[in-house]
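Structure record follows, encoded as structure tokens.
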Amino acid sequence: MNPFATGLVVALVITLVQGLPFSRVKRQFRFGAVPNSFNFLQAATCLKNQNQLLYRNVNRPRATQFDLLAGCQTFVRCNQGTVSKTDCPTTTYFNVVSQVCEPMETRTVENCALDTKGDFVVLTTPQPSFNSTKCQSATEYSCANGVCMAKELFCDNKPDCADSSDELLCSMLTDPLRSPDCDKNQCQLPDCYCSLHGTAIPDDLPVNQVPQMVILQFDDPVNDNNIPMFDAFFSGNRSNPGSQCGIKATFFISHEYNNYQYTEKLAKDGHEIALKGIDNDRTEAYWTKSSEDKLQRDFVTERRIISKFARIPEATMQGMRVPFLRGSGNAQFSMMAHNGIRWDSSLSAEPLDIPVWPYTLNYKVPHKCYPPDKQVQCPARSFPGLWEIPLNQIVGTFDETCSILGSCTRMDNVDDVVDMLNKNFDKHYSTNRAPLVLSMSTNWMVPSHFMGLMNWVDNILATHKDVFFVTATQAISWIQNPTPVASLGSFAPWKCSANNSVPVCEEPHGCTLDGATPAMRGSYLITCEKCPSFYPDFGIPDGEILDA
């Protein structure tokens with residue numbers, strides 16, 4: 001056959017392969033399925049009925065588990081018969097079930113083996129009964145095995161039934177004690193705020209009178225890896241409109257490797273210090289299933305450590321975030337209610353045309369818990385007075401969505417970063433002006449990203465007199481008392497005043513510390529306080545005496 005004819009045959013075969021009505025069935029993966037050796041079949045093909053969903057190249061190498069893991073960062077999308085390919089950032093992989101890039105440490109062969117979201121099969125298990133006639137008391141539900149248990153033992157992340165069925169039906173749709181839909185007649189500011197879909201402006205204020213709030217959130221420890229960037233970012237002449245005080249941010253501090261002298265400085269300068277727990281090395285599954293006791297041990301201990309070694313009053317640390325954004329459902333918010341933690345920012349809303357406003361948890365969460373596999377981590381029950389600052393989806397450079405900036409595709413060009421931030425800002429500013437939450441870690445702040453962020457902030461401040469960079473608690477204060485832009489000059493919660501409760505520290509101590517027991521970790525600690533005897537940790541937050 002001549003070359004021209006060969007080309008026609010290959011083109012015809014490609015056309016037929018791409019046009020076939022593929023029949024996708026749920027199946028278990030078997031190793032040893034070696035892909036066809038013809039090069040053109042190695043290319044990704046368009047799968048019918050994917051409806052713009054992201055999926056994996058069905059013709060990728062998959063002979064071994066190593067092949068699967070190696071190709072797990074890549075995903076494709078079919079658009080009008082043309083396949084586009086994208087790679088997740090280096091430290092993440094593509095979770096085909098949740099449809100987003102997630103931390104590499106949570107990657108599994110089972111997930112990497114799935115081609116499409118539709119290939120994921122949820123196994124059926126015995127179900128508890130919430131109206132069983134076997135239970136004599138109205139205060140009990142029945143486990144799947146017929147044993148009756150107190151209602152409050154269901155959906156608390158602690159299996160009490162012998163078959164663990166008390167922890168099965170705990171989502172916002174299945175929890176037997178789930179909270180009702182928003183009732184605006186009963187839910188009144190300042191203690192309660194809700195709307196049916198989460199998109200309504202507080203007090204129905206006209207949108208042109210609503211300040212566009214931007215909440216900058218920085219995750220993880222502050223130390224030599226990011227202090228120079230924070231100094232450059234917050235030491236300049238970046239001030240909110242009509243104010244001489246600098247723009248503010250919220251810092252979710254994790255304990256290990258944190259510099260407490262600089263944490264103290266951030267608080268003194270008016271930034272908000274929030275909690276991210278002590279042990280961030282745990283897996284996602286650990287946080288998803290953490291009980292109230294475990295969460296209290298982690299976050300309340302961290303609050304005591306920060307208060308001691310950064311000299312910040314515990315009462316000023318009002319917010320938290322669960323590592324990996326893996327909220328622990330009812331158990332997490334019960335822990336918050338019992339320990340004076342006022343707000344959380346761990347829950348992600350699904351992609352929406354109009355973003356969601358922060359809300360209290362008196363009523364049902366007004367959005368789907370996103371990604372879909374995180375349904376059980378949204379609180380299903382009512383927790384009056386607790387606030388959630390949801391993470392609306394950020395739209396990346398390639399129109400991918402992500403809850404935090406680090407999960408979007410990396411950008412090497414400063415202008416691309418500015419364009420991406422403008423695109424997301426415009427979505428909020430031109431609709432309901434729900435707070436724009438930009439959450440990032442040190443890993444995201446590579447030079448192009450950091451310069452793009454600074455340029456964008458400077459451009460926004462220069463061109464908008466109704467945009468304010470505020471802390472999470474300041475945003476909640478505005479929602480509790482909606483104040484038109486023209487009156488913000490007298491809005492007390494946004495006044496810039498030094499935090500006099502935090503003393504100035506200029507000469508910190510560098511402490512090389514052992515763990516209090518051979519089984520406990522040691523580390524290096526920088527603080528304005530005198531060096532403790534041991535490294536602060538679970539059971540010894542002051543570094544001196546182990547708790548009983």
Please state whether the sulfur gamma atoms of Cys101 and Cys402 sit closer than 2.5 Å to each other. no

Scan side-chain atoms only and decide if His338 and Gln296 contain a donor-acceptor pair under the 3.5 Å cut-off. no

Heavy-atom check, side chain of Lys364 versus side chain of Arg178, under 4.5 Å: no

Taking NZ, NE, NH1 and NH2 as the nitrogens, is one of them in Glu256 or Arg521 under 4.0 Å from a carboxylate oxygen of the other? yes

Quick check: Phe218 with His271 (ring centres under 6.0 Å apart)? no

Centroid-centroid distance, His255 to Phe309, less than 6.0 Å: no

Separation of Gln318 CD from Glu272 CD (nearest 0.5 Å): 6.5 Å

Any side-chain heavy-atom pair from Asn330 and Pro379 closer than 4.5 angstrom? yes

Would you call Glu152 and Arg381 a salt bridge, using N to O less than 4.0 angstrom? no

Any side-chain donor near an acceptor of the partner, Gln377 and Ser328, under 3.5 Å: no

pair Ser334-Asp156: side-chain heavy atoms closer than 4.5 Å: no

Do Asn392 and Val437 have side-chain heavy atoms sitting under 4.5 Å apart? no

Just checking Lys151: does its NZ atom have more than 12 heavy atoms from other residues, nucleotides or ligands closer to it than 6.0 angstrom? yes

Test item: side-chain donor near acceptor, Ser291 and Asp293, under 3.5 Å: no

Does a sphere of radius 6.0 Å around OH in Tyr257 hold more than 12 heavy atoms from other residues, nucleotides or ligands, not counting ones at 6.0 Å or beyond? no

Looking at Arg60 and Asp115, does any basic side-chain N land under 4.0 Å from a carboxylate oxygen? yes

Show the numbers, then the answer: is there a side chain to side chain contact (heavy atoms under 4.5 Å, CB included) between Ser403 and Gln393? CA-CA 5 Å; Ser403 299; Gln393 292 300 294; 3.0 Å; yes

Would the distance check show the side chain of Asp175 and the main-chain N or O of Met172 forming a donor-acceptor pair, the cut-off being under 3.5 Å? no

Rounded to the nearest 0.5 Å, what's the gap from CD on Glu102 to CZ on Phe94? Could you check? 9.5 Å

If you round to the nearest 0.5 Å, how far is CZ of Phe75 from CG of Asp87? 8.0 Å

Side-chain contact, heavy-atom cut-off 4.5 Å: Ile389 with Ile476? yes

Carboxylate-amine/guanidinium proximity below 4.0 Å for Asp542 and Arg304: no

For Asp160, all residues meeting side chain to side chain donor-acceptor pair (under 3.5 Å), sequence neighbours excluded: none

How about Tyr370 and Pro351: do any of their side-chain heavy atoms sit closer than 4.5 Å? yes

Could you give the distance from OG (Ser346) to CZ (Phe333), rounded to the nearest 0.5 Å? 6.5 Å

Between OG1 of Thr301 and CD1 of Ile306, what distance do you get to the nearest 0.5 Å? 11.0 Å

Keeping Arg56 on the side-chain end and Leu114 on the backbone end, is there a donor-acceptor pair under 3.5 Å? yes

Give a yes-or-no answer on whether the side chains of Arg321 and Ser345 include a donor-acceptor pair shorter than 3.5 Å. yes

Do Thr250 and Gln217 have a side chain donor and acceptor closer than 3.5 Å? no

Residue of the set Asn226, Ile227, Asp231 for which side-chain contact (heavy atoms from CB on, under 4.5 Å) holds with Met229: Asn226

Tested for side-chain contact (heavy atoms from CB on, under 4.5 Å) against Val222, the lone hit among Ile273, Thr442, Thr263 is Thr263

It should be assessed whether the SG atoms of Cys194 and Cys182 lie less than 2.5 angstrom apart. yes

Taking side chain as C-beta onward, heavy atoms only, is Phe154 less than 4.5 Å from Asp166? yes

Distance check, rounded to the nearest 0.5 Å: Met320 atom CE versus Glu302 atom CD? 9.5 Å

Nearest non-hydrogen partners of Leu347 and Cys369, listed with the distance: CD2-SG, 4.4 Å

For residues Met420 and Leu405, determine if any side-chain heavy atom of one lies less than 4.5 Å from a side-chain heavy atom of the other. yes

Evaluate the side chain to side chain contact (heavy atoms under 4.5 Å, CB included) criterion for residues Met336 and Phe383: first the C-alpha distance (whole Å), next the side-chain angles of each, then the deciding distance (0.1 Å), finally the verdict. CA-CA 9 Å; Met336 292 170 59; Phe383 296 94; over 6 Å; no

Check step by step if side chain to side chain contact (heavy atoms under 4.5 Å, CB included) holds for Met520 and Ile540. CA-CA 10 Å; Met520 299 178 73; Ile540 187 167; 3.8 Å; yes

Using the rule given for side chain to side chain contact (heavy atoms under 4.5 Å, CB included), can you reason through Tyr286 versus Asp279, listing the C-alpha separation, both sets of side-chain angles and the distance that settles it, and then say yes or no? CA-CA 11 Å; Tyr286 171 86; Asp279 202 346; over 6 Å; no

